Amino acid sequence: MSGELRPLPGLVASASKKSPRIFIFFLVFSILGFGLVDRSPWRGTDLLGVALIKNCIDAFHGFSTSCIVPNLYGSVIATDGPLFTWIASSLIIVIEFLLINILNQNFNFELMDDFGRIIQSFFALSGLTVLWLATKKLALRRESKPNDPLGIGPTSDKFSSNIADCSVLVTISCLGLIMPWHELGKTGLNFMLHSLVFFAIVIAPETPRKAGVLFGISSSLLMLCSGVGSFIAVYFAGFVIFFTCYPWTLVRKIFLLHSIALSIIIFFSMTFLDVNYRSENLIQIWWQNQLTLDKPQPLFLIKTWLWTWWPLWPIVTAFSIQAYNKGFLSLPHLKMPLTLLICLIAMPLSGTFVTDGVKFVPVVPLAVLASFGLLSLPRNIANLIDYFALTIFTFLGLMIWMYWLALHTGTPEFIQSNVLRAAPGVSGIYSAKELILGIIATFAWLMLIGWRIRVSEPLLWRPVILSAGGIGMTWILLVNLWGPALEVNRGYGELTNQIENTVNKNNPKKLDFCVGIDVSDFKSRAIILANSNLKINQSSEEKALECNFFLVRQTKTSIHENLNNNLDERKWNLAWSGNRKADPRKKETFYLFKRN
């Protein structure tokens, strides 16, 4: 079967044109390089990631309980695995040791989040490299190359390289990845491990032992990175592929024996970790939450995924329909990644072991299928992707510049007032370097549009070149022109400075103290850990009301119980209250109490 069928004829000649690799390199480094450093943690995943690393470093120095699982001084974060936190905090501790003991310099912990994002970006770049290698290997298979009766198509090596280049291009054009790759979290490492899993499956027919070992290691690390759900989904996909897809069925026994053996060895070795009673309690809480089944929300997830996976899903959908109608879905190079994709999305759709399905992006099989789908992409789908990219990103670029000019010139006034309400005090704050970079990015986008209008010959990568370039231009404009505004709007540095100043003012003798925060208030605990050197209560040892200070976060939708019920006015005085400047409606107010 694998030697008889060929994929859809499609644009055979288009695949013979060399892909714009220099442009792809430029896009990758532009997207991954901007917005990593010289800023404070932003709310959301970025804030939580910094807090988890800070907790791990504090645990190394003996201040925190443990970092055996993701936690904020004992408050367990069950949606994440500990692997990225372990790696990032270990590297930062090594850097700290080298600076202090070899270079005789103090380590500035304000740079901790910058180092973490650089590590995240490195993992994302490594994942793109592994994805390129895996796609090229898959495209080298005999059944992957289109029919070429006229002999005008490319050589196998050039064809596979072009398909691999396209897999990278469609990945960096995915809307759902641009922000997570610049937040301090597991996304980059998760993507790299998924790429390694895919690479292991691709090379299995030729080297089953090596592939089985690599699959066992990467899938086990994936569980430590993203949780039990990812591990189960990957192994489930592996069993389905090696029992149903030729030629993987030929090496099923050798591959699965090696992969399962490696996973057992890794899990068994984890039991020898020096775990104390408090860590055992954290592990138990983490496992209980990992094995909790959520209520399925398929319609909500699909609606969210429509923009998260753009422009991959229209290409994959059109290609799958074409392949099904022509009977080509049985081809190994299509059946294998499609099986992997279906198994990966089954978990969040069913609510099984996946608590952050909204952020879930199975980009590896989507990118591979989309890169093959570009060979026979219908003209109407290609035009839709082109027009969407041209319209949306040009509009976003115009809005970014218009709001920036209004902010710094005062015209029109209503736009300036709206911006200042969202980010008070940023008017007049910009640098010539950032302005020049914004102008260069804009001109590059205009030149790309001109090239796309001028060039009409069929090119394999042409339908997604505007999407990748547009998302790169938009991101560069945002982080350069609007860096100070985003710092105010999405950061908590100004708020924590006020809290820290109040604490120091009310503690003139510099005695040891802690700031009590309810163990279920993950956001407040993350804000304090990520933006200050204040110590908070450990949930396993200290109750929040046993500390010298007590911090309460109150929102309009939910008033914290401690504010009304648990505070004794004879024991506590209100030392400070406030909210972020970027929150004029006071949707979120913080109260700091001091023990009498």
Side-chain angles (χ1 to χ4, degrees), residues 52 56 59-60 65-71 76-90 123 127 130 185-186 188-201 203-204 208-243 251-293 340 343-344 346-348 352-356 360 362 364:
L52 290 174
C56 221
F60 175 80
T65 305
S66 170
C67 69
I68 192 70
V69 296
N71 72 96
V76 177
I77 310 295
T79 56
D80 280 340
L83 184 60
F84 177 78
T85 306
W86 289 349
I87 295 173
S89 57
S90 299
F123 282 134
V130 176
K186 64 184 180 184
L189 179 58
N190 182 64
F191 170 67
M192 188 191 76
L193 292 174
H194 272 287
S195 298
L196 284 171
V197 166
F198 183 75
F199 180 78
I201 296 174
I203 65 174
R209 288 181 176 84
K210 176 183 174 182
V213 171
L214 181 59
F215 184 89
I217 295 174
S218 54
S219 58
S220 300
L221 293 178
L222 192 60
M223 191 193 78
L224 291 175
C225 174
S226 302
V228 179
S230 296
F231 175 79
I232 294 176
V234 164
Y235 253 97
F236 176 64
F239 273 94
V240 173
I241 289 169
F242 282 86
F243 274 90
V251 295
R252 173 176 63 226
K253 185 176 180 181
I254 299 176
F255 177 88
L256 292 178
L257 280 177
H258 281 77
S259 60
I260 293 173
L262 257 294
S263 295
I264 292 174
I265 291 173
I266 291 174
F267 294 146
F268 184 72
S269 62
M270 296 294 292
T271 61
F272 287 94
L273 291 175
D274 184 16
V275 178
N276 55 34
Y277 172 75
R278 291 175 298 178
S279 296
E280 286 182 356
N281 185 44
L282 296 178
I283 294 173
Q284 184 179 4
I285 296 173
W286 187 79
W287 270 106
Q288 288 175 348
N289 284 276
Q290 280 287 309
L291 299 177
T292 300
L293 302 182
L340 180 61
C343 293
L344 288 178
M347 287 289 184
T352 306
F353 305 136
V354 179
T355 55
D356 55 350
F360 177 76
V364 172

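We use all heavy atoms of the structure for the numbers below, so side chains are in, but hydrogens, waters and symmetry mates are not. Just so it is clear, the model here is predicted, and its values are computed rather than measured.
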**Prompt:** What closest approach, in Å, do Gly216 and Leu262 show between heavy atoms, and which atom pair accounts for it?
**Reply:** CA-CB, 4.2 Å
**Message:** So Leu222 and Tyr235, do their side chains get closer than 4.5 Å, heavy atoms only?
**Reply:** no
**Asked** Between SG of Cys343 and CZ of Phe239, what distance do you get to the nearest 0.5 Å?
**Response** 12.0 Å
**Message:** My understanding is that only residues two or more places apart in sequence, or in another chain, count here; which of them pass ring pair (Phe, Tyr, Trp, His ring centres under 6.0 Å) with Phe60?
**Reply:** none
**Qualifying residues under side-chain contact (heavy atoms from CB on, under 4.5 Å), relative to Val69, sequence neighbours excluded** = Val76, Leu282, Ile283, Trp286
**Prompt:** Is there a side-chain contact between Leu344 and Val234 (heavy atoms, below 4.5 Å)?
**Reply:** yes
**Complete:** Here the gap from Ile266 atom CD1 to Ser219 atom OG, rounded to the nearest 0.5 Å, amounts to 7.5 Å
**CD1-CG distance between Ile203 and Leu214, expressed to the nearest 0.5 angstrom** = 6.0 Å
**Prompt:** Going by heavy atoms in the side chains, are Lys186 and Ser226 under 4.5 Å from each other?
**Reply:** yes
**Prompt:** Can you tell me how far the CG atom of Leu340 sits from the CD1 atom of Ile201, to the nearest 0.5 Å?
**Reply:** 5.5 Å
**Asked** Minimum heavy-atom separation for Cys67 to Pro82, with atom names?
**Response** O-CB, 4.5 Å
**Item:** Test side-chain hydrogen bond (donor to acceptor under 3.5 Å, both in side chains) applied to Ser220 - qualifying residues, sequence neighbours left out
**Value:** Ser263
**Prompt:** Partners of Ile87 by side-chain contact (heavy atoms from CB on, under 4.5 Å), sequence neighbours excluded?
**Reply:** Leu83, Leu91, Phe123, Leu189
**Item:** Shortest non-hydrogen contact between Val364 and Ser195, atoms and distance
**Value:** CG2-OG, 3.6 Å
**Distance in Å, Arg209 CZ paired with Leu257 CG, rounded so as to fall on 0.5 Å steps** = 10.0 Å
**Message:** Minimum heavy-atom separation for Ala204 and Ala211, please, with both atom names.
**Reply:** CA-CB, 3.5 Å
**Complete:** CG (Leu193) and CZ (Phe198) are apart, to the nearest 0.5 Å, by 15.5 Å
**Request:** Please identify each residue that fulfils ring pair (Phe, Tyr, Trp, His ring centres under 6.0 Å) with Phe255, with sequence neighbours left out.
**Result:** Phe215, Phe242
**Prompt:** Taking only residues two or more places apart in sequence or in another chain, which ones pass side-chain contact (heavy atoms from CB on, under 4.5 Å) with Ile265?
**Reply:** none
**Fill in**
In terms of heavy-atom contacts, Asn289 and Ile285 come closest through ND2-O, 2.7 Å
**Fill in**
For Ser89, the side-chain contact (heavy atoms from CB on, under 4.5 Å) test, sequence neighbours excluded, returns Ile53, Cys56, Ile57
**Asked** Just by modelled atom types, is the Gly227 backbone N or O under 3.5 Å from a matching donor or acceptor in the Ser230 side chain?
**Response** no
**Fill in**
Residues passing the disulfide bond (SG atoms under 2.5 Å apart) test with Cys225, sequence neighbours excluded, are none
**Asked** Which heavy atom in Phe243 sits nearest to a heavy atom in Leu256, and how many Å separate them?
**Response** CE1-CD1, 3.8 Å
